[in-house]
Amino acid sequence: ALQPLLSAADVDPAVLLWAGSIADKAGDWERAEAYFREAAALDQGRGRQRQLARLHLASLLTRHRRSEEAKAVLREQLAADPGDEPARAMLEVLERAPGDPGAR
């Protein structure tokens, strides 16, 4: 049922976010990651969806002990929107996490 929506040439990032969330909840993390990355890469003037995709992706990567990748995603979001407080807060938490070489 989702495939026609996901394979459309002008797929809406919100559809990809929704599909990523469903895949994540179903435990299909590789598919969730792919959907979140695709939504984050779309440039259709929908900054909010791009921001949400990057936050979801960073959260997914963090849960799978890929914190360096999560930090890179959050830094990318902050470069696009320096005032993004949720991204800044997530990045600060990751940078202070135990075992992180940058932790104080």
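Here the structure is a predicted model, which is why all the values come from computation and not from measurement. Only this structure's heavy atoms are used, side chains among them; waters, hydrogens and symmetry mates stay out. The residues of the chain are indexed from 1 along the displayed sequence.
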Using 0.5 Å steps for rounding, measure from the CG atom of L16 to the CG atom of L42. 6.0 Å

Indicate if W29 and F36 have the same hydrophobic cluster label, given that clusters are the connected sets of ILVMFWY residues with side-chain heavy-atom separations under 4.5 angstrom. yes

Got H56 and L60 here, is their nearest side-chain heavy-atom distance under 4.5 Å? no

Give, for atom CZ of R50 and atom CG of L52, the distance between the pair rounded to the nearest 0.5 Å. 11.5 Å

Contacts of R31 that satisfy side-chain contact (heavy atoms from CB on, under 4.5 Å) - sequence neighbours left out: A23, D28, Y35

So, the side chain of S59 versus the backbone of L55: is there a donor-acceptor pair under 3.5 Å, distance only? no

Using the rule given for side-chain contact (heavy atoms from CB on, under 4.5 Å), can you reason through D24 versus R63, listing the C-alpha separation, both sets of side-chain angles and the distance that settles it, and then say yes or no? CA-CA 11 Å; D24 189 13; R63 284 185 281 129; 2.6 Å; yes

Nearest 0.5 Å, what's the CE-OG distance between M90 and S67? 11.5 Å

Please report the closest heavy-atom contact between L57 and V73, naming both atoms and the distance. CD2-CG2, 3.8 Å

Got a sec, which residues hit salt bridge (Lys or Arg N to Asp or Glu O under 4.0 Å) with D84, two or more places apart in sequence or on another chain? none

For A53, all residues meeting side-chain contact (heavy atoms from CB on, under 4.5 Å), sequence neighbours excluded: L17, A39, A40

Going by side chain to side chain donor-acceptor pair (under 3.5 Å), name the residues that satisfy it together with E76, two or more places apart in sequence or in a different chain. R54

Checking R66 now: which residues fulfil side-chain contact (heavy atoms from CB on, under 4.5 Å) with it, not counting sequence neighbours? E33, R37, L61, H64, E69

Can you pull out every ring-ring contact (aromatic ring centres under 6.0 Å, His included) where at least one residue sits in residues 65-88? Sequence neighbours excluded, please. none

All heavy atoms of A70 vs all of A58, minimum pair found to be CB-O, 3.5 Å

Suppose the criterion is ring-ring contact (aromatic ring centres under 6.0 Å, His included): which pairs have a residue in residues 73-95, not counting sequence neighbours? none

State which residues pass side chain to side chain donor-acceptor pair (under 3.5 Å) with R88; sequence neighbours excluded, sorted by chain then number. none

